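What follows is a single structure, written as structure tokens, with notes after it.
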There are 2 protein chains.
Amino acid sequence: MTSIKDVAAQAGVSVATVSRVLNSHPSVSPDARTRVLAAVDALGYRPNAVARSLRTDQTRTLGLVISDVLNPYFTELARFVEEEARALGYSVIIGNADERPELQDHHVRTLLDRRIDGLLVSPADGDSPLMADVARAGTPMVFVDRWMPGVDVPVVRADGRLAIRDLVAHLHALGRRRLAIIAGPAATTTGNERVEAFREALRAYELTLPDAYIGQGDFQADSGRRVTERFLALPEPPEVVFAADNLMALGALDAIRAAGLRVPQDIGLAAFDDIPWFVHTAPPITAIAQPTGELGRAAVRALVDIVEGRSPQSVTLPARLVVRRSCGEPTSDKRSNL
Amino acid sequence: MTSIKDVAAQAGVSVATVSRVLNSHPSVSPDARTRVLAAVDALGYRPNAVARSLRTDQTRTLGLVISDVLNPYFTELARFVEEEARALGYSVIIGNADERPELQDHHVRTLLDRRIDGLLVSPADGDSPLMADVARAGTPMVFVDRWMPGVDVPVVRADGRLAIRDLVAHLHALGRRRLAIIAGPAATTTGNERVEAFREALRAYELTLPDAYIGQGDFQADSGRRVTERFLALPEPPEVVFAADNLMALGALDAIRAAGLRVPQDIGLAAFDDIPWFVHTAPPITAIAQPTGELGRAAVRALVDIVEGRSPQSVTLPARLVVRRSCGEPTSDKRSNL
DNA sequence: CGGAACCGTGGAATCGATTACACGGATGAT
DNA sequence: ATCATCCGTGTAATCGATTCCACGGTTCCG
């Protein structure tokens, strides 16, 4: 590999001058500048980012630790994060935690060892002492989608409260009364929040959420299947199942099919997190869509703000209900949306 | 940040000794070892990977440049790649090319600047001088899924030839004769190959593939939609549309629905690349499944082989047909599979 | 008993960049 | 004319690790 020394030799200047040209430092003569540029070109020289990082103590790299890359919601989020980071001159290293706390910690440690400039995390679990330490140590950090109570860093997320209220209104208008939810892990903030918002929305219609109608899932398809099977085995099964994420909705759909029931005639289904495939399932699934692009961009901007010495605020964006046909044929309440 | 010097001071030894302990070099006294380990623990010291990389000229990092992360096939591939790499002690940096050659080159350059130890690429386009240069320069490199003719590096991929023949047999048995294909970009190897394999398989049944039945797609959903619309507008539209990847199949499904046609009664649909969602579409889609896990693992192993001085072979694994209901109700030929 | 072999250790060079500091020459002010 | 200022440049220190080499002290063998 050609180094800055080779360029200096070729151009007949010192390495300092080469470095100055490369970093567009003002005090370089036009003559020296052209000679250096010519040498760079001739040798096909590219600065060694590793050496540069060691010296400057910055890598222009962001770490993104995500709970599950196979979840289309997170894949999309990751894509937007990379896009915005690139626009701001940063690279992104993604770590997939696979919803496993120890894998999450592994990635955080590896990223820190590589001296990334900042960390974007969607925590898999509510209790990671490592994460708290890292935040306390002053590593630039931002939570996205999920967060950890007690860890004082900005949070970028979507608020589903209103959308969930809209969903319940929609279900109520369709005459559905017995509504069940497949919750996320209790340890995640999004897990709890969605249950609470759901319960609250039901209360507005004087409906209750019995324990039997709260299934404990883990944001993976399999758990959605298991929970739904239990719902269906109830003496009085729910009329609609609301899954707290798209993967569990998929599992629920499986279980419903396996039981020989039809959606929406026999049972309704709705999901948190909208994804392109929901348009193509049979029937298309009613879902709550998060503004993924905005979320990813805002998260990166907040993180880069910290890295560059500014102090960003937390950001909360609204999610919105997308009505399709999985809870019943849209009727009057659909029209009232117009 | 605490450095090796701090540890040395705390333990009362030289930095050389600390380094030896950390790299489990044999000649260190047990006494020194314990003191160093104690100091490491007390200070919470973690070696600076950047400095280490500069000195040793290896980063224990692999670069993965992928044509489109939002394509579930590649997402899955990326996941397995990371998994295997981690098992082998490497990290992975993913670059998403979004099917854009210039973005692909950008990522390759960035990764090289970071001095990754090896490069795993699924090229977006058939003609990248940069890629050829990089390979010629001796950078450890492996192609996965797609490759570039003329660039001499190992290729890890699935061969769909047999599976495509099985698909055509299946369609033929169902009485389908007018078969069309939505091809991938001509510049990608997988793009061409699948068309050729399809044409060849048709020949075995004395069927032809007229030009009007070959649509030019770009592996994205939109192109699948456009091509299918054109197919449907033909005086004699095809009886089955075979999409060369899952995203284009999705677009095709859209177009078919929009035209008010039913699958499989009015027209059949099949896809290359099987994904979990195909089970849940209406109807479930017949697809050709690649052994993604094996592909990802084999690619990493081949790359690490090169990095560590061995000389791996190219790997070709068979894809296989997964019959569902999108081409017609399975009849006798289904049973013959048992 | 003397020299060779070996072991644990530290000093210092090194990787490839950035950057503080010094220096010589030109310019400008008085 | 003289001195301060400024500009372009080079020398060398530095970032945090690894590793070659040398050195002093044992141990071993003849």
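None of the values given here were measured: they were computed from a predicted structure. Values below: all heavy atoms of this structure, side chains included; hydrogens, waters and symmetry mates excluded. Protein chains get the first letters and strands the later ones, always in sequence-line order, with residue 1 at the start of each.
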If I take atom CD1 in residue A/Ile4 and atom C1' in nucleotide C/dC15, what distance separates them, rounded to the nearest angstrom? 13 Å
Among D/dT18, D/dT14, D/dT9, which nucleotide sits nearest the side chain of B/Asn23? D/dT18
Rounded to whole Å, the CD-P distance (B/Gln58 to C/dT14) equals 21 Å
Of the options D/dA17, C/dA17, C/dT18, whose atoms approach the side-chain atoms of A/Ser19 most closely? C/dT18
Report for the helix from C/dC1-D/dG30 to C/dT30-D/dA1: angle between first-end and last-end helix axes, five pairs each, rounded to 10 degrees. 50°
Using whole Å, what does the distance between atom P of nucleotide D/dC7 and atom CG of A/Asp31 come to? 18 Å
What nucleotide, of D/dT19, C/dA17, D/dT9, holds the atom closest to the side chain of A/Ala32? D/dT9
Heavy-atom distance under 4.5 Å between the side chains of A/Gln290 and A/Leu295, does that happen here? yes
Choosing from C/dC15, C/dA17, C/dG11, which nucleotide comes nearest the side chain of B/Ser14? C/dG11
Side chain of B/Lys5 (C-beta onward), nearest among D/dA17, D/dT9, D/dC15: D/dC15
What's the CG-C1' distance between A/Asn48 and C/dG16, to the nearest Å? 6 Å
Side-chain N,O (B/Ser27) to OP1/OP2 (C/dC6) below 4.0 Å: no
Would the base of D/dT18 count as contacting B/Arg52 through its side chain, where contact means a donor and an acceptor less than 3.5 Å apart? no
List for me each residue that meets side chain to side chain donor-acceptor pair (under 3.5 Å) alongside B/Arg86, sequence neighbours excluded, and say none if there are none. B/Glu82
Does A/Arg20 make a side-chain donor-acceptor contact with the base of D/dG10, cut-off 3.5 Å? yes
Listed nucleotide nearest any side-chain atom of A/Val13, set C/dG10, D/dG10, D/dG8: D/dG10
